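Below is one structure; the comments refer to it alone.
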Amino acid sequence: MSQVSTQITVTLPDGSRRSLDAGATAADLARSISQGLFARSVGALVNGEIRDLYTPLAEGDAVKLLTPDDPESLELLRHSTAHVMAEAVQRLFPQAKIAIGPTIADGFYYDFDIPGHTLSPEDLEMIEEEMKRIVREDQRICRYQIPDVDGQLAEFVRQGEKFKAELLEEHRNDSPTLYLMQDKNGKTVWNDLCRGPHLPSTGLIKAYKLLKVSGSYWRGDEGRDKLQRIYATSWWKAADLEAYLKRLEEAERRDHRRLSRQLDLFSVHDEVGPGLIFWHPNLATVRATIEDFWREVHRKRGYQLVFTPHIASEKLYEISGHLQSYGENMYSAMDIDDQPYRVKPMNCPGHIMIYKSRLRSYRDLPLRFAELGTVYRYERSGVLHGMLRVRGFTQDDSHIFCTPEQLEPEINGILDLIDLLMTTFGYTYKAYLSTRPEKSIGTDEEWAMATGALEAAMKARQMDYQVDEGGGVFYAPKIDIKLYDAIGREWQGPTVQVDLNLPRRFDVTYVGEDGERHQAVMVHRAVLGSMERFCGGLIEHYAGVFPTWLAPVQATVLPISDRHQEYARQVFEKLRERDLRVTLDDRSETINYRIREAQMQQVPYMLVVGDKEQAADSVSVRHRRDGDVGTIKTAEFLDKITQEVAQRS
RNA sequence: GCCGACGUAGCUCAGCGGUAGAGCAACGGUUUCGUAAACCGUAGGUCGUGGGUUCAAAUCCCACUGUCGGCUCCA
């Protein structure tokens, strides 16, 4: 051990400082703290960035050693598992060329080009077996800075690793690194061009599973090589993997297409075409209830409801620009009296027509037009998905026309409405502000005004939000809200956009205090998005167990035997008079059978009536979740359920 | 659109070269019941569509169509 004269000092998470020999790595730091920590460390967080355990540290670095207890360590684990998977694939399929293999939420994937072979589910098992071997071999994973980029390039080319060659060429000035997999004798058995970071060795990999194969394209470009992608996941503990697979199962259980069959919610038909939804009575009831609520809250907030036609002359979409920039998502023209017409893909031009039907004064503003507007858009067949991705859908669309001064309070009002609706349905959410992208129209002042108003409104409400720099659409900055459902999945939620384009294209103006015409400011916003997607998502969020105010059937009356039918009918009528959705199930099936059926249909209340209830003008209440909750007076039950519905709980 | 898997009774699925099966649902009867499936019986499919191979095709091959998992796109 030669004593190096220079020392460096690093800071630990608890604020304490530690001196190390210059050139010391995070591993050395761990060792200097305790053997136990060293044994558990798999990487380090250096100045907030995840790094290899054997990263040399520099003077002043803030270092946190990562062990499997730290969530950040999963990134290392998954990235390394991806490499092991790629190594396994190349062992089994020597002709396979590797593309990229990043980590994603809950796992990772790796893309391959495997000439002459298509991966099958059986292959996945084989690959898993091979991975087991690589893990058992406990290969070291070493970072290696490429000293001679051209030499390495030539090597990649010689190996036919054209994707890696392309990547290396691109990153040649970024101090590119290889990660080498080395066996016990220090011999490199595999390598991958990779920025890292990685685990120190493959032996640390424990619980992983390959999930599915699918197609992809090199760099996501369908003009380029077709690749095969393997999706997989990796965890530190078998129990975590188990829990994750359980979560997938739970998601499967909640799948709205599956629940639709059980609860008779919606259908699509070959004879009609894909992506076109038929709402059955049960789901139509849910939707209608949501729409009633939606209309109520909009009226209360000064929105005016409008309706616009489903087809329009092409001229409209030429003015709006949709034909030019959105044409490939629009259905082809139909001929009406020698004029081309189109099915509407957007509601905005229609709302603008209403605005422009007369001269507007600043005194009229803001004008808030809202419509449950049905639109049709061409979606490529492969992307259609149940109710979540369709070709015809109804947006809860609104366009607000206002002055620049009114913009901020209007945004604030929208955010308030969003909060009310999302809270009612039990979603939590996060907000994102998307700012001006590179390719965009409008002046700097316009963008500053619009973006500023969005930001100011969120700040005024003390909302947490993240900024997605350059993530706006070309004509507008926007606020996107992401929803989190009952099992923590993310959904695309409400969106608010300040449009800098259409007011100009349509010459949307108002007469100001000064008697001059000014261009109006226009805001697009959708809260629920589309009724199809929202209701589809809601089915999964509630797992088909709709709260009482939304439930297709809120209560069912179950007479014990035929002699109770008359009384059961009386109870049924009483509920119906209260405008409750109630059914009477007096079929000659056993009471157990009828209860089971109501349970499986997720009916909130089952009202069992027999001799005792008949004698006491009462009902025996069975709740779908709590079971038999006892007998109460019919009038009392009516009050309770009516209140529950009114509270939307 | 592209890659891959799949399409058998209303639903869930078995059969995978040799005369189409089960459970549930439906229908008819019996049963009149106290909190998650009473009993007996009946009916139901040109095996997604079209073509090919074969003495013979639900089964093998091709095309189309739809669904599913991804890619991609999302004014």
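So you know, we letter chains A, B, ... as the sequences are listed, proteins then strands, and number each from 1. Side chains are part of it too, since the values below use all heavy atoms of this structure and drop only hydrogens, waters and symmetry mates. Here the structure is a predicted model, which means the values were calculated and not measured.
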### Query
For the residue pair A:Phe108 and A:His79, is the inter-centroid distance of their aromatic rings smaller than 6.0 Å?
no
#### Entry: C1' spacing across the pair B:G44 / B:C11, given as an integer number of angstrom
14 Å
### Query
Checking all strands, does A:Val383 fall into the base, sugar-phosphate, or nothing category for heavy-atom contacts under 4.0 angstrom?
base
#### Entry: Verdict with supporting geometry, A:Tyr110 and A:Phe112, ring-ring contact (aromatic ring centres under 6.0 Å, His included)
CA-CA 7 Å; A:Tyr110 213 113; A:Phe112 304 93; 5.2 Å; yes
### Query
What does A:Arg229 touch in the nucleic acid at a heavy-atom separation under 4.0 angstrom: a base, only the sugar-phosphate, or nothing?
sugar-phosphate
### Query
What nucleic acid atoms does A:Asn592 come within less than 4.0 Å of, heavy atoms only: base, sugar-phosphate, or nothing?
sugar-phosphate
### Query
B:G1 and B:U8: how far apart are their C1' atoms, nearest whole angstrom?
30 Å
### Message
Please give the distance between the C1' atoms of B:G4 and B:C40 as a whole number of Å.
### Response
48 Å
### Query
Do side-chain atoms of A:Gln228 reach the backbone of A:Leu119 as a donor and acceptor pair under 3.5 angstrom?
yes
## Note on the structure
Using Watson-Crick geometry (N1-N3 plus N6-O4 or O6-N4) or G-U wobble (N1-O2, O6-N3), each under 3.5 Å, B:C60 is paired with B:G52
### Query
Can you check whether A:His256 and A:Phe266 have ring centres sitting under 6.0 Å from each other?
yes
### Task
Determine the interatomic distance between C1' on B:C64 and the same-named atom on B:C6; round to the nearest Å.
16 Å
### Separation of the C1' atoms in B:A25 and B:G66, to the nearest angstrom
25 Å
### Under 3.5 Å: donor-acceptor pair, side chain of A:Gln95, backbone of A:Pro115
yes
### Message
Please report the distance separating the P of B:G48 from the corresponding atom of B:A57, rounded so that it comes out in whole Å.
### Response
15 Å
### Query
For B:G17, which nucleotide is its Watson-Crick or G-U wobble mate, given both distances must be under 3.5 Å?
none
### Message
Looking at A:Arg389 and B:C73, is any side-chain donor or acceptor paired with a base atom of the opposite kind under 3.5 Å?
### Response
yes
### Task
Using a heavy-atom cut-off of under 4.0 Å over every strand shown, decide if A:Tyr109 touches base, sugar-phosphate, or nothing.
nothing
### Task
Would you indicate what A:Tyr593 reaches in the nucleic acid, counting non-hydrogen atoms under 4.0 angstrom: base, sugar-phosphate, or nothing?
sugar-phosphate
### Message
Give the residues of residues 314-330 of chain A touching RNA chain B, defined as any heavy atom closer than 4.0 Å, sorted by residue number.
### Response
A:His322, A:Ser325, A:Tyr326
### Query
If only side-chain N and O atoms of A:Thr590 are considered, is one of them under 4.0 Å from the OP1 or OP2 phosphate oxygen of B:A38?
yes
### Task
Classify every nucleotide of nucleotides 3-12 of chain B by which part a protein heavy atom approaches to under 4.0 Å, writing B for the base, S for the sugar-phosphate alone and - for neither, in 5'-to-3' order.
BS------SS
### Query
Of all the nucleotides listed (B:G1, B:A37, B:G70), which has the minimum atom distance to the side chain of A:Lys212?
B:G70
### Message
Between P on B:A36 and CD on A:Gln262, what's the gap in Å once rounded to a whole number?
### Response
17 Å
### Query
Does the A:Arg622 side chain pair with the main chain of A:Ile595, one donor and one acceptor, at a distance under 3.5 Å?
no
#### Entry: Check: A:Tyr605 ring centre within less than 6.0 Å of A:Phe637 ring centre
yes
### Query
Considering every strand shown, what is the Watson-Crick or G-U wobble mate of B:C2 when both distances are under 3.5 Å?
B:G70
### Task
May I ask you to check whether A:Gln497 and A:Tyr475 show a side-chain donor-acceptor distance below 3.5 Å?
yes
### Task
Specify the separation, in whole Å, of atom CD1 of A:Ile595 and atom C1' of B:A38.
14 Å
### Query
What is the nucleic acid contact for A:His385, judged by heavy atoms within less than 4.0 Å: base, sugar-phosphate only, or nothing?
sugar-phosphate
## Note on the structure
Any strand, both distances under 3.5 Å, Watson-Crick or G-U wobble: B:C47 pairs with none
### Task
Measure the distance from NE2 on A:His269 to P on B:U49 and round it to the nearest whole Å.
18 Å
### Query
Is the shortest side-chain N to carboxylate O distance from A:Glu170 to A:Arg219 below 4.0 Å?
yes
### Task
Under 4.0 Å between any heavy atoms, over every strand shown, what does A:Gly472 touch: base, sugar-phosphate, or nothing? Just pick one.
nothing
#### Entry: Donor-acceptor side-chain pairing of A:Asp611 and A:His564 below 3.5 angstrom
yes
### Query
Are the charged groups of A:Asp113 and A:Lys162 less than 4.0 angstrom apart, N to O?
no
### Task
Using only heavy-atom distances, decide whether a donor-acceptor pair under 3.5 angstrom links the side-chain of A:Arg622 to the base of B:A36.
yes
### Query
With a non-hydrogen cut-off below 4.0 angstrom, is A:Val608 in contact with a base, only sugar-phosphate, or nothing?
base
### Query
Salt bridge or not for A:Glu410 and A:Arg525, using N-O below 4.0 Å?
no
### Message
Can you measure A:Gln599 atom CD to B:A36 atom C1' for me and round it to whole angstrom units?
### Response
6 Å
### Task
Using both distances under 3.5 Å as the test, list the Watson-Crick or G-U wobble partner of B:U42, or none.
B:A26
### Query
Across all strands, who's sitting opposite B:A9 as a Watson-Crick or G-U wobble pair, both distances under 3.5 Å?
none
### Query
When all nucleic acid strands are considered with a 4.0 Å heavy-atom cut-off, which category describes A:Ile560: base, sugar-phosphate, or nothing?
base
